[in-house]
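Computed over heavy atoms, backbone and side chain alike; hydrogens, waters and symmetry mates excluded.
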Amino acid sequence: MSEEQEKNYLDNGEGFRSWFFTVDHKRIGVMYLWAIGVFFIVAAIASFLLRAEHLTPGPTIVNADTYNVLFTLHGSMMVFLFIVPGVAASFGNFLIPLMIGAKDVIFPKLNLYSFWLYLAGALIFMLALAAPADTGWTFYTPYSIETGANVILITFGVFVLGFSSILTGINFIVTMHKLRAPGMTWDRLPLFCWAAYATSLLQVLATPVVGITLLLLIGERYFGLGFFDPAKGGDPVMFQHFFWFYSHPAVYIMILPAMGIVSEIMPVFARKPIFGYKAIAYASLAIALISFLVWGHHMFVSGQSKLVNIIFSVITYAVAVPTAIKVFNWLWTLYKGSIELSTAMLYSLAFIFLFTIGGLTGLFLGALAADVHLHDTYFVVAHMHYVMIGGTVFGFFAALHFWYPKMWGRMFDEFKAKIAFVLIFIGFNVAFFPQFIMGTLGMPRRYFNYAPEFQSLHVVSTYGTWIIGIGFILMLWNLMRPLPGKAPANPYNSLSLEWSMDSPPGTFNFDDIPTVTEPVYNYGTKIEEGA
Amino acid sequence: MKWLPESASTFAPGVDLILWLVTIISVISCVLIAFLLIYFVIKYRRKTENDQTPAITHDSFLETLWTVIPTILCIVIFIYGYVYYDQYTVTPKNAVEVNVTAKQWLWSFDYSNGKKTLNELYVPVDQPIRLVMQSDDVLHSFFVPAFRVKQDVMGNRYTYINFTATKEGVYDLYCTEYCGTAHSDMLGKVHVLSKAKFASWQDGSADKVKKASAASIPPAELGKQLYSNKGCLACHSIDGANGVGPSWKGLFAKNRVFTDGASAIADENYIKESILYPGEKMVEGYGPVMPSYKGLLDDDEITAIIEYIKTLK
Amino acid sequence: MGIFGITSKLIKSIAYPSEMVPSIEEDDGHHHFDAVTEHEGAKLGMWLFLATELLLFGGLFAAYAIYRAKYPEMFMQGSKSLDVVLGSVNTVILIFSSLTVAIAVKAIQENRIKLVKIMLWVTIICAAIFAVNKYFEYTYKFGKGIFPGTDIFYSIYFAATGVHMLHVFIGMAVLGVLLRKVYKGKYSKDNYTAIEIGGLYWHLVDLIWIYLFPLLYLVG
Amino acid sequence: MDNHASYKSLINIWLFLIFLTVVTVGAAQIDFGALNVLIAIFIASIKAGVVAYHFMHLKHEDGLTWIYASYPIFLLFLLISFTLTDMFSRVIN
């Protein structure tokens with residue numbers, strides 16, 4: 001190995017241009033990470049303001065219009081700028097070529113354009129802040145047609161972001177088809193890649209529908225097309241059909257990569273093969289396919305017909321089963337393992353627990369009669385946050401810690417990271433569990449004002465967000481201060497390919513494309529049970 | 001701890017049954033998973049760096065088990081959800097219809113005998129009711145937690161809710177589809193009356209009694225009550241804050257400039273005209289969104305509101 | 001560089017991935033895949049992109065189906081007001097341009113560069129004629145006081161044909177870029193991926209029109 | 001690439017497409033009632049199939065490309081069939 005080749009991807013070139021014009025998938029992944037990190041923090045600040053507003057009924061720190069803008073910003077930034085592109089674009093970019101044994105994605109330049117498009121979309125989105133929309137992240141018509149706020153810019157921003165998402169998805173799918181190293185058969189593919197494949201499938205096939213929907217919404221505002229405006233003979237329920245045709249699969253765009261991350265981390269820290277590899281891999285694909293069939297469960301009280309409600313309810317329960325299978329498979333991976341409670345493992349275990357709560361509360365919402373009561377209440381808010389934070393964000397944090405040595409070539413302080421984890425875990429439950437109770441009691445969501453009897457629960461919830469905030473700051477501060485010394489190539493004795501190279505990897509990942517000869521999670525000794 | 005609202009309709013017990021059923025399933029599954037997680041983590045914690053672990057990759061029996069059991073539970077929950085939903089969506093033959101119109105940000109109710117109320121729905125107990133709902137503008141949603149019923153309301157198309165109240169009392173009504181600035185103030189009450197009380201409300205004798213009691217309180221006091229009961233508060237503040245409509249604070253005797261350039265002093269007659277014909281003289285900077293209160297407020301009540309505005313200096 | 005520029009660049013980068021990778025990778029022999037993988041990958045990528053395009057129009061087709069079912073009378077009247085002759089002429093033109101692109105792809109596989117140039121020129125000219133026809137059709141409608149939003153049928157008509165027109169323009173830009181590169185001698189029978197997938201894109205523009213034409217102009 | 005179509009066969013395919021265009025315009029002049037839409041969509045689908053199969057070389061592509069070429073059509077079918085079902089089953093109870 002020559003001196004030159006040892007130069008890792010972080011050191012290979014300095015300055016703005018070397019990053020902004022790079023086609024190195026690792027650098028692009030890192031840039032995504034920074035970008036989504038910034039938007040995550042901005043959107044989180046909006047959520048802290050929202051929660052602070054609810055310390056008392058009536059106006060506390062902002063007025064009703066500002067509140068409406070804040071929840072729209074919080075929702076739309078978290079969804080379109082952080083969580084949809086989030087894990088897939090950042091860790092997906094960084095990891096997929098490393099995991100499948102390739103030197104880059106198949107269209108490196110397109111990958112860079114996708115990132116630029118992401119930035120362009122985000123910029124347009126930010127321009128909209130001059131007169132921010134107050135429609136909620138769902139942009140329901142006809143309110144979004146009539147409101148004076150700047151809906152056009154924000155939806156156009158989302159449209160551009162969608163384009164970025166599609167191109168990233170295409171890139172990943174083709175990469176995984178064409179660039180797997182010799183011997184990297186589909187049944188040896190790491191589960192993160194399986195999850196990323198399913199995610200990309202959804203990005204490619206669901207996003208264009210929301211794209212045209214948002215274009216038509218812009219057309220509604222410019223030309224008065226009338227498709228979604230009852231005053232012109234249009235049907236607002238149709239907008240919801242189109243919107244959820246994308247946005248339900250989008251929920252899986254958000255959660256699948258986190259499932260993939262947990263599937264990577266569990267075997268490493270339990271020193272055992274993942275339990276039911278095939279079941280998890282196929283469940284990812286099954287979820288991706290069935291998720292196109294359940295969008296109507298967001299619309300049980302929207303005026304959708306009874307027959308269609310019933311059909312969607314049935315299929316919704318069908319998608320619950322593969323999810324349940326995954327949870328039990330992760331759980332059984334621990335059985336008879338040799339478990340090390342690293343920070344990444346703690347986040348993964350918390351993921352399993354919180355995601356289970358998120359999934360189980362979905363059972364309430366899928367039941368027609370119960371959903372009539374619970375729809376558009378805080379119950380839905382809590383359910384969604386258990387899936388999105390307890391699921392995706394915990395998975396994301398797990399990944400941040402797990403691949404930290406590989407990404408940055410340094411180690412971090414595990415003890416402080418664990419304290420941060422405990423704070424975030426406790427804070428999260430304090431913040432969101434009370435919202436289930438508020439929901440069953442009938443507290444509607446998107447309410448600036450609320451009845452005094454809900455105050456104590458609201459206050460508890462707000463305190464919870466403060467605990468999360470402290471934990472998050474601690475986590476970030478800890479990660480920003482790596483320990484001295486270089487990280488070893490494979491600190492966890494992991495068997496997957498990304499750990500087979502230096503930390504951080506060189507610019508071209510592999511000096512020679514490796515040949516894969518074993519299953520990916522080949523941990524443990526082959527002794528029959530009970531032998 | 002109380003986690004369900006009062007149960008006051010024939011639909012509520014069914015919904016509560018499902019909520020209880022799924023809660024029990026959820027708690028059991030959650031405790032099971034949490035227990036196993038913690039138990040495994042303690043029992044199989046890493047003792048040495050060279051721990052031997054078995055390479056278990058699958059187990060057909062277990063995998064079948066945790067595929068079949070969730071499937072069965074899902075089917076059961078679906079069936080419960082479907083059965084009660086089916087009951088809820090079928091209108092009983094003897095249902096009494098009430099027309100509901102939602103608009104930013106109030107509810108108005110039209111009864112078959114020609115009566116009209118704002119934000120207050122009056123229904124007799126044990127009588128099937130069918131609400132025929134439509135919106136004048138954006139989406140709204142009619143939600144009464146105590147009845148466990150909810151339905152979106154939209155323009156140019158009627159949507160329906162069926163319910164039969166089982167308990168006398170006053171229940172909260174919320175709008176649960178986001179509809180703009182005063183979404184969270186688009187509230188109402190559902191008054192469930194005994195058959196006798198409902199009859200007397202219907203023929204107006206209750207109004208007279210109410211009037212009599214109203215007469216005994218000072219007009220400004222009555223105006224204050226009307227301010228919150230009739231939905232004025234959704235758009236007009238009393239602290240000077242600018243809302244959808246002009247604030248009432250310091251409104252009286254103020255010079256108003258209209259969109260057509262004309263102006264007038266906000267005296268008693270102007271305010272009365274604005275309440276009855278809100279579209280006639282639009283103050284600059286506001287849109288024509290206020291509904292007419294003609295037939296919804298009588299002269300005494302309008303006078304009371306004017307008196308109340310006078311007190312807001 | 002505008003939307004067309006960006007899009008044609010994007011399509012270009014699908015077309016020749018290795019070419020777009022900066023020189024460092026080409027110089028030090030770090031080609032990370034061979035020409036066959038590149039060709040296959042680019043085609044698969046394009047087919048995926050076409051899938052998204054189809055679903056983009058899918059929203060419009062769904063809107064068509066729904067509102068046609070809801071307002072059959074309106075669609076009957078609206079459809080009758082459209083110019084079937086102009087629509088038919090445009091259909092023939094577009095199908096012809098599909099043929100010329102297909103011939104161009106075949107020609108480049110046989111290294112007949114001159115034929116490629118002619119065929120690409122013809123395709124672009126066909127696209128231009130299509131656009132001019134559409135321009136007359138639109139202005140005629142505007143002259144009669146018919147705009148997007150006049151009623152739901154015309155909204156669908158303008159939205160669907162408008163989004164389709166946008167794709168015609170993007171397709172013209174793509175073909176234009178390809179043509180320029182043909183003149184520069186960039187393509188041969190060993191390197192024609194870009195022309196093939198650019199052609200795929202143009203066929204999609206044709207495919208969409210094959211459905212739009214009868215649904216809007218004929219079925220009254 | 002010997003198995004690719006000859007120029008002549010490409011032109012024949014084009015003539016077939018033109019023929020179908022004439023047929024679809026002709027069929028639209030006759031009133032079959034609700035069948036008109038189905039006929040139009042049917043003919044359009046044949047044309048689209050021919051373009052995809054011959055001009056777009058789908059006949060030389062592998063199964064994967066076929067899947068990605070046809071899956072969006074399935075999704076489109078889903079979107080349209082569910083929304084139409086909703087539209088037509090909104091009966092008053």
Which distance, rounded to the nearest 0.5 Å, do you find between the [atom1] of [X] and the [atom2] of [Y]?
| X | Y | atom1 | atom2 | value |
| --- | --- | --- | --- | --- |
| A:His241 | D:Ile80 | NE2 | CD1 | 13.0 Å |
| D:Arg90 | A:Lys306 | CZ | NZ | 15.5 Å |
| A:Phe242 | D:Thr83 | CZ | OG1 | 6.0 Å |

Worksheet item: Any donor-acceptor pair under 3.5 Å linking the side chain of D:Asp86 with the backbone of A:Val308?
Response: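 No; judged by distance alone, with no hydrogens or angles, the pair does not exist.
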Practice prompt. Sort out for me which of A:Val209, A:Asp235, A:Val204 touches chain D most, counting heavy-atom pairs under 4.5 Å.
Written response: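 Going by pairs under 4.5 Å, I would pick A:Asp235.
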Worksheet entry | Contacting moiety of D:Leu64, where chain A heavy atoms sit under 4.5 Å |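 Interface part for D:Leu64: side chain.
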Worksheet item: Which bit of A:Phe292 comes within less than 4.5 Å of chain D, counting heavy atoms only: side chain, backbone, both or neither?
Response: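 Contact with chain D involves both backbone and side-chain atoms of A:Phe292.
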Item to complete: Would you indicate whether the side-chain heavy atoms of D:Met87 and A:Val237 approach each other to under 4.5 Å?
Response: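 Answer no - side chains too far apart.
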Worksheet item: Does the side chain of D:Phe82 come within less than 4.5 Å of A:Trp295's, by heavy atoms?
Response: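 Yes, close enough: below the 4.5 Å cut-off.
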Discussion item. Going by side-chain hydrogen bond (donor to acceptor under 3.5 Å, both in side chains), name the pairs with one or both residues in residues 65-79 of chain D, residues two or more places apart or in two chains.
Written reply: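 Sorted result for residues 65-79 of chain D: A:Tyr197-D:Tyr68, D:Asp62-D:Thr65.
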Item to complete: Can you check whether anything in residues 309-319 of chain A gets within less than 4.5 Å of chain D, heavy-atom wise, and list it by number?
Response: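 A:Ile311, A:Phe312, A:Ile315, listed by number.
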